[in-house]
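Here is the structure we will look at.
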Amino acid sequence: MLDGSCRMSHLVITLAAGAACLLATSCGNLAQPQPDKAFFAIDPGAPPAAPRRHGPVLQVSRLRVAAPYNGTAFVYRNKGGEFRSDYYNAFVAPPDQLLTGAVVRWLSAASPFNVVVDASSAVGGRYVLEGTVTDLYGDYTDPAAAKAVIAVHVFLLDEGGEDARIMFQKDYRSAVPIEPGNVNSLVSGWDRALRDILSQMTADLARTADPAKM
């Protein structure tokens, strides 16, 4: 028969052995390779060359991105309307930053405005472009016809008077066919969708914001 001290020693040894076994199991799991996260940007490329302009300054406010698309993780819409986020594939920065930067770069090269700046610039603008991204996802509701989807609502403000005046507003949406299960195809589809939207937006702004009338 074991006395009290022996029984206590036996219990301590047993607990220590169990903890060591648990730690070894945990470390074994941690040692297993985990899938790497991949990060992407949205890049519509450069617009067609445009002649030098002499119009006013346009300030582009930070685009708002509606939930659930405002995080960095990619969002997919699956069959039945279920939405799912992808932990392992994500935007390299919040999508509002990526999309606002893309809009500023595109309109700087192609719009009728002489100078295009973002809201952080010290250069003030009488005209302000604001917008909300209402859709930004991979559409897999039909696995045989997957699409990269972007939709945005924008409006152009004239803030030259006491009260801001809406000069123009419109909803844009583009859904580009992609290869199912191919994340690179999805990102390329978003690039093309944004390019399509910005091309339409530039044409609409050129009709609305005629420098000769400003």
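Just so you know, residue 1 is the first one in the sequence shown, and it goes up from there.
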Starting from the C-alpha separation in whole Å, work towards a yes-or-no answer on side chain to side chain contact (heavy atoms under 4.5 Å, CB included) for Val60 and Val117. CA-CA 6 Å; Val60 178; Val117 298; over 6 Å; no

Applying side chain to side chain contact (heavy atoms under 4.5 Å, CB included) to Phe74 and Leu186, what does each step give before you reach the verdict? CA-CA 10 Å; Phe74 286 2; Leu186 172 61; 4.0 Å; yes

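Residue pairs that meet the salt bridge (charged side-chain N to carboxylate O under 4.0 Å, His left out) test with at least one member in residues 166-184, sequence neighbours left out, are Asp135-Arg173, Lys170-Asp204. The stretch residues 84-106 participates, sequence neighbours left out, in these salt bridge (charged side-chain N to carboxylate O under 4.0 Å, His left out) pairs: Arg62-Asp96. For residues 192-203, the side-chain hydrogen bond (donor to acceptor under 3.5 Å, both in side chains) pairs, not counting sequence neighbours, are Trp106-Thr202, Ser174-Asp196, Asp196-Gln200. Under the ring pair (Phe, Tyr, Trp, His ring centres under 6.0 Å) criterion, no residue pair touches residues 157-187, with sequence neighbours excluded.
The shortest distance between side-chain heavy atoms of Arg126 and Val57 does not fall below 4.5 Å. In this structure the side chain of Leu198 never reaches within 4.5 angstrom of the side chain of Pro47, judged on heavy atoms. The shortest side-chain heavy-atom distance between Leu98 and Phe91 falls under the 4.5 Å cut-off. You'll find the side chain of Pro112 reaches within 4.5 Å of the side chain of Leu205, heavy atoms only. Using a 4.5 Å heavy-atom cutoff, the side chains of Leu63 and Thr132 are not in contact. At least one side-chain heavy atom of Met201 sits less than 4.5 Å from a side-chain heavy atom of Leu129. Between Phe40 and Val92 there is no side-chain heavy-atom pair separated by less than 4.5 Å.
Ala145 is linked by a side chain to side chain contact (heavy atoms under 4.5 Å, CB included) to Asp142, Lys147, counting only residues two or more places apart in sequence or in another chain. For Ala73, the side chain to side chain contact (heavy atoms under 4.5 Å, CB included) test picks out Ser85, with sequence neighbours left out. With sequence neighbours excluded, the residues satisfying side chain to side chain contact (heavy atoms under 4.5 Å, CB included) with Ala203 are Arg207. Remark: Thr72 pairs with no residue by the side chain to side chain donor-acceptor pair (under 3.5 Å) rule, at least two apart or across chains. Contacts of Ser61 classified as side chain to side chain donor-acceptor pair (under 3.5 Å), with partners at least two apart in sequence or in another chain: none. Taking Tyr140 as the reference, Tyr76 meet the ring-ring contact (aromatic ring centres under 6.0 Å, His included) condition, with sequence neighbours excluded. Residues satisfying the ring-ring contact (aromatic ring centres under 6.0 Å, His included) test with Phe83, not counting sequence neighbours, are Tyr137. Checked against side chain to side chain donor-acceptor pair (under 3.5 Å), Asp191 has no partners two or more places apart in sequence or in another chain.
Note on Val149 and Val176: separate hydrophobic clusters, where clusters join Ile, Leu, Val, Met, Phe, Trp and Tyr whose side-chain heavy atoms are under 4.5 Å apart, directly or indirectly. Hydrophobic clustering (side-chain heavy atoms under 4.5 Å, transitive across Ile, Leu, Val, Met, Phe, Trp, Tyr) groups Val133 together with Leu107. Follow the hydrophobic side-chain contacts under 4.5 Å out from Tyr69 and you reach Leu99 in the same cluster. Under the 4.5 Å side-chain heavy-atom criterion for ILVMFWY residues, no single connected hydrophobic cluster contains both Val128 and Val103.
Between atom CG of residue Asp158 and atom OH of residue Tyr127 there is a gap of 4.5 Å, rounded to the nearest 0.5 Å. To the nearest 0.5 Å, the span separating CZ on Arg64 from OG1 on Thr100 amounts to 10.0 Å.
Contact between Glu159 and Ala164 at its shortest, heavy atoms only, is CG-CB, 4.0 Å. Between Ala102 and Pro44 the shortest heavy-atom distance is CB-CD, 3.9 Å. Closest approach of Thr141 to Pro143, counting heavy atoms only: O-CD, 3.7 Å.
In summary, of the residues considered (Gln169, Glu130, Arg165, Met167), a side chain to side chain contact (heavy atoms under 4.5 Å, CB included) with Leu156 occurs for Met167 alone. With respect to Leu194, the side chain to side chain contact (heavy atoms under 4.5 Å, CB included) criterion is satisfied by exactly one of Val152, Ile150, Asp43, Leu136: Ile150.
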